[in-house]
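Treat the numbers as computed from the prediction; the structure is a model and nothing was measured.
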Amino acid sequence: MPEFTTLKIDHDPDEPRIARLLLNRPERLNAICDETPGDIRAAVEWAENNEQVHVIVVEGAGKGFCGGYDLSAYAEQDIDHPCQQESYPWDPIADYAVMKKNTEDFMTLWKCRKPTIAKVHGAAAAGGSDIALCCDMLIMADDARIGYMPTRVWGCPTTAMWTYRLGPTRAKEMMFTGNLISGKQAAEWGLANYSVTVDQLEAETMKMARRIAGVPSGHLAMHKMVVNQVMLTMGLEQTQMMATVFDGITRHNPEGLWFRRYAQAEGFKAAVEWRDSGRPIPEGDEARALIREMEARAKASD
């Protein structure tokens with residue numbers, strides 16, 4: 001079996017036609033680090049090249065599916081990164097190249113010939129929701145949560161899957177509010193295929209996976225391509241290009257820079273609490289003034 005630093009993949013012990021892809025950083029709530037997207041691509045490629053595998057189940061170790069990007073490394077710390085550039089003027093093309101690669105790596109779950117099922121317990125938040133929504137099907141625990149909170153500040157979902165999975169009205173609600181919804185509500189909205197009690201999540205997911213695994217792999221590939229082609233015709237790839245550019249802008253405009261400075265000054269937890277509380281996010285000239293104030297305090301304390 002291939003070995004990765006952020007996940008595991010193998011045949012299900014009792015079902016060789018079913019591959020189990022386990023996001024495996026439970027100590028960080030399976031948060032996405034620099035290695036995660038590439039590991040997902042390599043794991044999907046292994047499953048796609050394995051003739052026995054007919055379906056891939058994607059799940060998370062520990063308390064949840066995936067808590068999103070490991071942002072404490074990018075927001076709270078004083079570091080420079082292609083996706084958070086401050087030691088020189090922001091290079092949007094360098095930013096785009098990194099984030100577009102991440103998006104394409106996540107999208108291998110959507111593009112591969114084998115059906116993919118996200119099995120979600122706990123949280124599939126922010127970038128974790130990108131991974132879940134790149135899967136073909138979504139089965140959630142009733143009390144699981146899914147959403148993209150950074151749409152309030154410092155982020156735009158680069159996979160742009162919300163509209164294609166929910167339709168424009170519900171997608172706008174999720175994007176405008178940054179709310180998390182439960183597995184039960186996700187099923188009611190049609191975002192999740194099913195929502196079940198957490199103790200039934202494994203059984204229900206495997207019931208669906210076994211049903212799919214009995215279909216010839218060629219048939220599954222053709223059916224998936226037919227449905228995916230509808231989304232491509234609707235402009236999915238063009239929408240992802242725009243969303244990835246906008247994601248970079250949200251991290252480098254005055255509001256995004258205020259969020260990072262506040263995280264550096266008060267801690268990432270405090271910045272997230274402000275973001276998610278519903279308090280107005282400082283913007284424009286107000287954000288610029290607060291940035292100058294926080295930078296002056298930081299310089300004085302050095």
Fill in: Stepwise side chain to side chain donor-acceptor pair (under 3.5 Å) test for Tyr164 and Thr239
CA-CA 10 Å; Tyr164 296 91; Thr239 306; 2.9 Å; yes

Fill in: Taking every non-hydrogen atom, the tightest pair across Ile18 and Ala209
CD1-CB, 3.7 Å

Item to complete: May I ask you to decide if Thr177's main-chain N or O and Arg152's side chain share a donor-acceptor pair within less than 3.5 Å?
Response: yes

Response to the item:
Contacts of Lys172 meeting side-chain hydrogen bond (donor to acceptor under 3.5 Å, both in side chains) (sequence neighbours excluded), chain-then-number -> none

Fill in: Counterpart residues, side-chain contact (heavy atoms from CB on, under 4.5 Å), relative to Glu59 (two or more places apart)
Arg20, Leu22, Val57, Lys119, Glu202

Discussion item. Checking the side chain of Asp70 only, and the main-chain atoms of Arg28 only, is there a donor and an acceptor separated by less than 3.5 Å?
Written reply: no

Practice prompt. Spell out, as yes or no, whether a donor-acceptor pair under 3.5 Å connects the side chain of Lys114 to the backbone of His54.
Written response: no

Fill in: Within-4.5 Å side-chain heavy-atom neighbours: Thr151 and Cys156
no

Worksheet item: With distance as the sole test, does Asp142 use its side chain to make a donor-acceptor pair with the main-chain N or O of Lys184 at under 3.5 Å?
Response: no

Discussion item. According to ring pair (Phe, Tyr, Trp, His ring centres under 6.0 Å), does anything in residues 222-250 pair up with another residue at least two apart or in another chain? List the pairs.
Written reply: none

Discussion item. Less than 4.5 Å apart, side chain to side chain, heavy atoms only: is that true for Met241 and Glu237?
Written reply: no

Worksheet item: Is Ile146 close to Leu180 at the side-chain level, that is, under 4.5 Å between some pair of heavy atoms?
Response: no

Discussion item. Donor-acceptor check, side chain of Arg113 to backbone of Leu220, threshold 3.5 angstrom: yes or no?
Written reply: no

Discussion item. Could you check whether any side-chain N or O of Ser129 sits under 3.5 Å from a backbone N or O of Ala125, counting only pairs where one atom can act as donor and the other as acceptor?
Written reply: no

Worksheet item: Donor-acceptor pair, Arg165 side chain versus Leu133 backbone, under 3.5 Å?
Response: yes

Discussion item. Quiz question: by atom type and distance under 3.5 Å, do the side chains of Asp143 and His121 form a donor-acceptor pair?
Written reply: no

Discussion item. Tell me whether Lys8 at atom NZ has more than 12 heavy atoms from other residues, nucleotides or ligands lying less than 6.0 Å away.
Written reply: no

Fill in: Side-chain (Lys224) to main-chain (Cys112) donor-acceptor, under 3.5 angstrom
yes

Discussion item. Under 4.0 Å between a side-chain nitrogen and a carboxylate oxygen: does that hold for Glu104 and Lys100?
Written reply: yes

Item to complete: Kindly compute the distance separating CG (Asp105) from CE (Met107), expressed to the nearest 0.5 Å.
Response: 11.5 Å

Worksheet entry | ring-ring contact (aromatic ring centres under 6.0 Å, His included) partner of His252, the single match among Tyr96, Trp90, Phe259 | Trp90

Item to complete: Indicate yes or no for a side-chain donor-acceptor contact from Asn49 to the backbone of Glu45 under 3.5 Å, with no hydrogens or angles considered.
Response: yes

Worksheet item: Quick one: do Arg17 and Asp12 make a salt bridge, cutoff under 4.0 Å?
Response: no

Worksheet item: Under a 4.0 Å N-O cut-off, is there an ion pair linking Arg170 with Glu173?
Response: yes

Item to complete: Please name the residue in the list Thr116, Asn228, Asn193 that meets the side chain to side chain donor-acceptor pair (under 3.5 Å) test with Asp136.
Response: Thr116

Fill in: Shortest non-hydrogen separation from Gly64 to Asn30 and the atoms involved
O-ND2, 2.9 Å

Worksheet item: Of the options Thr103, Asp247, Thr244, Asn102, which is the one that meets Thr158 in a side chain to side chain donor-acceptor pair (under 3.5 Å)?
Response: Thr103

Fill in: Note, Arg261 side chain near Leu290 side chain (heavy atom, < 4.5 Å)
no

Worksheet item: Is it true that a side-chain atom of Trp274 and a backbone atom of Pro280 form a donor plus acceptor pair closer than 3.5 Å?
Response: yes

Discussion item. How about CD on Glu3, more than 12 heavy atoms from neighbouring residues, nucleotides or ligands closer than 6.0 Å, or not?
Written reply: no

